[in-house]
2 protein chains.
Amino acid sequence: MAHNHKITIKDVAKAAGVSTQTVSRVLNNRHDVSPETRARVQEVIANLGYAPNVLARSLSRGRSNTLGVVGFGLGYYGSTSVLTGIEQKSNELGFSFILSLLDRFEMERVDEILRDLLSRQVEGIIWAVPGISQALRGLPKKLSDIPIPVVFLNKEKTNDDAIAAMDNRLGGHLATEHLLEQGYRRIGIITGPAEWWEAQQRELGWRETMLEAGLDDLDNLKVEGDWTAASGEVGLHSLIAKAPDVDAIFVSNDQMSLGVFQAARRIGMEVPNDLGIVGFDDIPEAAYFYPSLTTVRQNAKKLGAIAVEQMAKFIQAHQNNEDFKPDISWVKPSLVVRKSSIQES
Amino acid sequence: MAHNHKITIKDVAKAAGVSTQTVSRVLNNRHDVSPETRARVQEVIANLGYAPNVLARSLSRGRSNTLGVVGFGLGYYGSTSVLTGIEQKSNELGFSFILSLLDRFEMERVDEILRDLLSRQVEGIIWAVPGISQALRGLPKKLSDIPIPVVFLNKEKTNDDAIAAMDNRLGGHLATEHLLEQGYRRIGIITGPAEWWEAQQRELGWRETMLEAGLDDLDNLKVEGDWTAASGEVGLHSLIAKAPDVDAIFVSNDQMSLGVFQAARRIGMEVPNDLGIVGFDDIPEAAYFYPSLTTVRQNAKKLGAIAVEQMAKFIQAHQNNEDFKPDISWVKPSLVVRKSSIQES
DNA sequence: CTGTTAGCGCATTCAA
DNA sequence: TTGAATGCGCTAACAG
């Protein structure tokens, strides 16, 4: 037992008195093995505690059953939810995955990471890095040079890419529409960083809805945050400086809402009566904010799962040399109404 | 370029007019290659865009440079921080890792996960699952049956295990001591689930500090939560039912504090004047709670990094057949004082 | 300094 | 139904 020698298919074959191929057949559940032989081999496997060497198998089969996932830190609720979805679904479909985390938009490491993933023979790469910032300009080229399937998360639609995306624009619309229904009119926005596609889309949803309602002066109603609570705090001050009569804000994520709440308290504005607030994400804490936060709930876990499903199809097509028409799959968010947007009578 | 044939060391060798062995030497930065040959080979590698097949290399070398990490969901701030630390440090040390997530304490999947990791030839396993619940009774046996190094995160000290642990007991002490210094006397605790070692240790720190201060009736001052804000809310009500004169609470994580805040507001208790609160974790939002939350900051990222470092040493010893004396490494938390525990004069 | 031979553990031809 | 040979891509051990 404590012997350090790793037991291989050979040991099993010898112990069972058969050839290695037969053992291999049993391992792969082939039906061209006699029941008795199969039983004997299985018993030996159990006794020896044998476990096949996946590396050898991958090498021999030319398939690794491994995905590469490139993410962007784990600091956001969305990121971790997506990852959870990816983990579960890939498990379900028999893939394992190698996780690479980008901390900032670091061009240099991208090269390195992609090389590394390819070296590890991943069968596909899920690109779960937000936005396409300036710094990543050259990236699409690189990723399309890659000889294996790539599925993007939350990326703008293009013709040739497989994409799974949250409908952030719809989210922005839902939030704004709700505030309008509550009677707010001067509805501002605190966006996320401009490079983030997510932030852009949420803003777009707000913008379109405002215009449709005949409201304008939108530029004075917009400030940019960086997703942190601190930036939400600053954001409210900036917004009021530009538009003193702002009466509601669509805040592009829940953390920033927390900062807005704090700033509002300091300057004596009352939420929701003086200022209606709608956030985005529905982090678990949102229901316990004071006041509880109306917010757009996004099922990021589902998004991750969908990405993996797409990937599985993509890979299959790729291997059969069939042509695969990459497409975009949308996940729709929903509005969760709480107190921060409902004026008390 | 678009040719689907994967280029191997052979292609490189042929193109460079050398043997595969020489290419291998260049790849591995051996110094027994002539500068000209090396240059030529490197050029060919660059031109062909060759990347070595890590699976083949691992198989041949008998080393995978891969770690297995078993975690417990990504729902907690601590979990994700630990994982971030693990990712960074293992990257730094040249390991990649396979992540397996347990969602609940699911005994069955443990077997499966361990087998899978071993199949993938990981060189060591980092066990980052909290506590040793009833359900995991059999686990230590299994893990010690494993023929590769295992490093545990946040586990009680034993003689034979390599452990990296947050000093939660110290954290509990710091929190309680601080509340005592602020003049609070009837200091309650809302703990995490009893099976979690982390929760036990935080409680122990509180308990010891209270006893040292000559305070007792501790059982009436304790209720158990489940880490969620909702359980914090319930917790305060329960606590007041048992000890109506409670004047402060050490809440074992920040999320539950949020629930306590909400409950306190509902029943007209003012934090910190009627009720001092200290949390645990220092999640990014804690500074923006209302009131801002005094809490115990734990550097979980560092914890993850330390675990990987231990693992690296362990693996090295394991391979050289040296004996490795497993030990426990502690990471010390610190107190961050904000408004929830400082009575206004 | 370089090439040849062998083998890592497994699966995929083929024969028998 | 089973076994023998061969190769996946790479590196280690030996020669030269």
Side-chain angles (χ1 to χ4, degrees), chain A residues 4-42 44-45 48-66 115-116 118-123 147 319, chain B residues 4-42 44-45 48-66 115-116 118-123 147 319:
Chain A
N4 220 343
H5 165 73
K6 288 211 172 177
I7 45 190
T8 73
I9 201 173
K10 255 185 194 165
D11 303 314
V12 177
K14 196 177 300 174
V18 297
S19 72
T20 59
Q21 296 58 5
T22 304
V23 178
S24 174
R25 287 190 181 103
V26 173
L27 288 175
N28 294 292
N29 280 319
R30 300 277 185 98
H31 31 264
D32 52 354
V33 185
S34 77
E36 310 95 48
T37 310
R38 179 186 305 276
R40 187 150 34 92
V41 170
Q42 280 171 335
V44 173
I45 287 178
L48 262 46
Y50 165 78
N53 181 328
V54 172
L55 300 189
R57 175 178 286 175
S58 299
L59 185 60
S60 168
R61 284 215 268 238
R63 288 206 54 177
S64 67
N65 278 98
T66 303
R115 294 185 72 84
D116 184 65
L118 288 176
S119 272
R120 290 179 187 280
Q121 311 303 111
V122 297
E123 298 185 23
Q319 268 159 0
Chain B
N4 220 344
H5 165 71
K6 286 211 176 180
I7 45 189
T8 73
I9 201 173
K10 256 185 193 160
D11 303 314
V12 176
K14 196 177 301 173
V18 297
S19 73
T20 60
Q21 194 42 231
T22 302
V23 177
S24 173
R25 286 190 181 100
V26 172
L27 288 174
N28 293 292
N29 279 319
R30 300 273 186 103
H31 32 265
D32 52 352
V33 185
S34 80
E36 309 95 49
T37 310
R38 179 186 306 275
R40 185 151 35 94
V41 170
Q42 279 170 336
V44 171
I45 289 178
L48 264 47
Y50 166 77
N53 182 328
V54 172
L55 300 188
R57 174 179 284 174
S58 299
L59 185 60
S60 168
R61 285 216 267 238
R63 288 206 54 178
S64 66
N65 279 97
T66 302
R115 295 185 71 84
D116 185 65
L118 288 176
S119 272
R120 290 178 187 279
Q121 310 303 109
V122 297
E123 297 185 24
Q319 268 158 0

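Order of the sequence lines fixes the chain letters, A, B, ..., with proteins taken first and strands second; residue numbering starts at 1 for each chain.
Pairing each heavy atom of A:Pro52 with each of B:Ser119, the nearest pair is O-OG, 3.0 Å. Minimum heavy-atom separation, A:Val44 to A:Ala16: CG2-CB, 3.8 Å. Across all non-hydrogen atoms, the minimal contact from B:Thr37 to B:Ser34 is OG1-OG, 2.6 Å.
Nucleic acid contact class of A:Thr37 (heavy atoms, under 4.0 Å, all strands): sugar-phosphate only. Nucleic acid contact class of A:Ser58 (heavy atoms, under 4.0 Å, all strands): none.
Taking for each of A:Thr20 and A:Arg40 the nucleotide of DNA chain D with the nearest heavy atom, the 5'-most of the two is the partner of A:Arg40.
Between the CZ atom of A:Arg120 and the C1' atom of D:dC10 there is a distance of 15 Å, given to the nearest Å. Atom NZ in B:Lys14 sits roughly 15 Å away from atom P in C:dG3 (whole-Å rounding). In this structure, CD of A:Gln21 is placed 8 Å from C1' of C:dA11, rounded to the nearest angstrom. In this entry the distance linking OH of B:Tyr50 with C1' of D:dG9 reads 7 Å, nearest Å. Summarising the geometry, the separation between NZ on A:Lys10 and C1' on D:dA4 is reported as 13 Å, rounded to the nearest angstrom. The CG-C1' distance, from B:Asn53 to D:dT11, rounds to 13 Å in whole Å. Atom CG in B:Asn65 sits about 16 Å away from atom P in D:dC10, given to the nearest Å. Between the C1' atom of C:dG7 and the CD1 atom of A:Ile9 lies a distance of 16 Å, rounded to the nearest Å.
Distances from the side chain of A:Arg61 to the nucleotides C:dC10, C:dT12, D:dG3 place C:dT12 closest.
A:Ser19 has a side-chain polar atom (N or O) that falls below the 4.0 Å cut-off from OP1 or OP2 of D:dG3. Note on B:Arg57: every side-chain N or O is 4.0 Å or more away from OP1 and OP2 of D:dG9.
At least one donor-acceptor pair under 3.5 Å links the side chain of A:Ser58 to the backbone N or O of A:Val54. At least one donor-acceptor pair under 3.5 Å links the side chain of A:Glu123 to the backbone N or O of A:Ser64. Side chain of A:Thr66 to backbone of A:Val122: no donor-acceptor contact under 3.5 angstrom is found.
Of all the residues in residues 22-36 of chain A, A:Ser24, A:Asn28, A:Arg30 reach under 4.0 Å from DNA chain C with at least one non-hydrogen atom.
Inspection of the B:Gln21 and B:Ser19 side chains reveals no N or O donor paired with an N or O acceptor under 3.5 Å.
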